[in-house]
Chemist: 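Can you keep this structure in mind? I'll have questions shortly.
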Amino acid sequence: MNRTERAFEIACDIYREHGVDPVKAVETLKNIPVSLHAWQGDDVVGFENFETALTGGCQVTGNHPGRARTADELRDDLDVVLKLVPGTSRVCLQGHQVDKMLPGVDRDGFTMEHFSGWLDWAKAHKIGMDIAPCFYSHPKLDHGLSLSHPDAGIRKFWIDHGQAIRRIGAEFGKTLGSPAVCNFWMPDGFKDIPADRYAPRVRMAESLDAIFADKIDEKYELDAVESKLFGIGVESCTIGSHDFFLMYAARNNKLICLDSGHFHPTESIADKLSSIVAQQGRILLHVSRGVRWDSDHVILLNDELLSIAREAAVYGFMDKIFFCLDYFDASINRVAAMVTGARNMQKALLIALLEPTELLRKEENNWDFSARMARQEEIKTLPWGSVWNYYCETQNMTDDFGVMQEISAYEKAVLLKRS
Ligand code: RNT
Ligand code: ZN
């Protein structure tokens with residue numbers, strides 16, 4: 001028995017005293033799909049043959065060397081990421097992360113031909129793909145409006161883009177054998193106080209109805225809609241607010257996507273999960289970390305992440321919650337950003353799966369809130385780290401110290417040569 005196994009053995013002893021089986025927790029964790037957001041690798045630039053500034057209220061700051069400039073480079077980076085992230089990974093694309101462009105075809109005419117390299121790559125890796133239409137960084141995002149624009153021609157362009165990406169998602173889903181989650185987030189909004197908030201919202205809902213009019217089997221593709229409090233430059237009114245999209249999702253039986261960086265800074269999405277799953281049945285999470293006004297920092301193992309994972313795990317919501325990471329930091333090695341966030345997501349889920357829920361419930365049911373609090377504090381010192389190391393080792397993954405060695409070697413051999 002090596003040290004990791006011995007430590008795991010002791011951890012099992014301790015957890016079993018709390019009514020928790022770490023072997024089961026590890027088995028469950030292994031099979032929870034986490035969708036890795038490919039856009040951390042290219043700074044949300046995409047691979048179209050025109051370069052536009054990132055618009056739509058998001059910001060990527062930093063210029064660490066090694067941004068993926070092509071889909072091939074991004075896939076190389078993702079190959080490294082997949083070797084360092086235990087568990088079941090998927091990959092999520094933005095609609096402009098095309099494999100290639102075709103002459104005269106814009107986003108409204110994208111087909112699987114634009115993404116064929118991704119399909120081959122995903123097949124080879126036996127992983128599922130997710131995708132999101134891209135309503136920003138394009139001249140047709142006019143005055144900050146896309147699907148809610150007053151001009152029917154502009155709306156039509158974006159409606160066609162949305163439909164195109166849904167069809168591509170369905171093809172991913174069909175070929176790869178698991179539904180592609182297709183997430184709709186639109187940056188539409190106003191910097192300053194609008195005279196009319198109503199009409200754009202009506203137009204937005206109508207455009208979405210047009211996009212979703214084609215029925216696609218959920219075996220292949222699942223639609224989600226993502227709300228936001230505000231983006232940079234659209235501080236006064238965001239058309240796709242939380243109220244807007246929660247209602248839309250409920251009326252149309254879509255997944256609501258909650259991005260943990262899209263709410264008031266003191267508002268946690270953890271409390272929202274049970275409310276939504278209890279009534280809507282399912283949910284998409286964009287797991288992110290907000291810092292002051294920015295919502296896209298690499299996720300750390302902090303209280304917010306722990307409470308999201310906790311709420312997702314303890315009621316057995318795992319097949320009802322779709323996890324996708326969503327952040328972008330260009331001030332550090334992008335592979336490290338992806339790997340660290342993805343491993344933190346897994347760690348948080350593991351800690352949640354190791355929670356002595358039965359004991360906590362018992363104490364709660366006995367109105368013994370002091371004991372419940374004491375136990376919640378005790379959980380923080382339980383040896384989950386030994387279970388984590390064992391989990392990594394049994395999947396032939398390096399431990400936390402080994403990760404940066406691999407990434408630094410890749411940076412030296414590959415990333416620093418990109419200029
Ligand atoms: C933006 C949304 C959205 C984006 C991606 C890149 O605030 O969170 O999900 O992160 O479109
Ligand atoms: Zn998001």
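Every number for a ligand or one of its atoms is a count from 1 in the order of the listing. This one's a predicted model, so the numbers in the text were calculated from it and none came from an experiment.
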Chemist: Suppose I only count heavy atoms of H262 and a 4.0 Å limit; which atoms of ligand 1 are within that range?
Modeler: 1 (C), 2 (C), 7 (O), 8 (O)
Chemist: Please determine which of L102, D99, I168 meets the side chain to side chain contact (heavy atoms under 4.5 Å, CB included) test together with H114.
Modeler: L102
Chemist: List ligand 1 atoms under 4.0 Å from C58, heavy atoms only on the residue side.
Modeler: 1 (C), 7 (O)
Chemist: Looking only at the side chains, is there a donor atom on one of D188 and S146 sitting less than 3.5 Å from an acceptor on the other?
Modeler: yes
Chemist: Please report whether ligand 1 has a polar contact with D326, defined as an N or O pair separated by less than 3.5 Å (distance criterion only).
Modeler: yes
Chemist: Test the R107-F110 pair against the cation-pi criterion, namely NZ or CZ under 6.0 angstrom from the six-membered ring centroid and within 45° of the ring axis.
Modeler: no
Chemist: Taking NZ, NE, NH1 and NH2 as the nitrogens, is one of them in R375 or E378 under 4.0 Å from a carboxylate oxygen of the other?
Modeler: yes
Chemist: Any non-hydrogen side-chain atom of M112 less than 4.5 Å from a side-chain atom of F115?
Modeler: yes
Chemist: So if I count the atoms of ligand 1 from 1 in the order they appear, which ones are less than 4.0 Å from some heavy atom of Q94?
Modeler: 5 (C), 6 (C), 11 (O)
Chemist: I'd like to know whether ligand 1 has H37 as a neighbour, heavy-atom separation below 4.0 Å.
Modeler: no
Chemist: Measure the distance from atom 9 (O) of ligand 1 to every protein heavy atom, then report the residue, atom name and distance (to 0.1 Å) of the closest one.
Modeler: E226 OE1, 2.8 Å
Chemist: With a 4.0 Å cut-off on heavy atoms, does A132 reach ligand 1?
Modeler: no
Chemist: Are D400 and K347 ion-paired here, with the side-chain N under 4.0 Å from a carboxylate O?
Modeler: yes
Chemist: Any N/O/S of H286 under 2.8 Å from the Zn ion (ligand 2)?
Modeler: yes
Chemist: Look at D259 together with K228 and state whether they make a salt bridge at an N to O cut-off of under 4.0 Å.
Modeler: no
Chemist: Taking only heavy atoms of K228 into account, list the atoms of ligand 1 that are under 4.0 Å away from them.
Modeler: 1 (C), 7 (O)
Chemist: Please determine whether any non-hydrogen atom of Y327 lies less than 4.0 Å from an atom of ligand 1.
Modeler: no
Chemist: Take the Zn ion (ligand 2) as the vertex and measure to OE2 of E226 and OD2 of D326; round to 10°.
Modeler: 170°
Chemist: Under 3.5 Å between any N/O of W185 and any N/O of ligand 1: does that happen in this structure?
Modeler: no
Chemist: Is there a polar contact, in the sense of an N or O pair closer than 3.5 Å, between N183 and ligand 1?
Modeler: no
Chemist: Any atoms of ligand 1 less than 4.0 Å from a non-hydrogen atom of H286? List them with their elements.
Modeler: 9 (O)
Chemist: May I ask you to say whether R75 pairs ionically with D79, meaning some side-chain N is under 4.0 Å from a carboxylate O?
Modeler: no
Chemist: Step through it carefully: locate the ring centre of F172, locate the ring centre of W118, and say whether they are under 6.0 Å apart.
Modeler: no
Chemist: Looking only at N, O or S atoms, find the one in D259 nearest to the Zn ion (ligand 2) and name it.
Modeler: OD2
Chemist: Describe, in one word, how the ring planes of F212 and F184 are oriented to each other, choosing from parallel (under 30°), tilted (30 to 60°) and perpendicular (over 60°).
Modeler: perpendicular
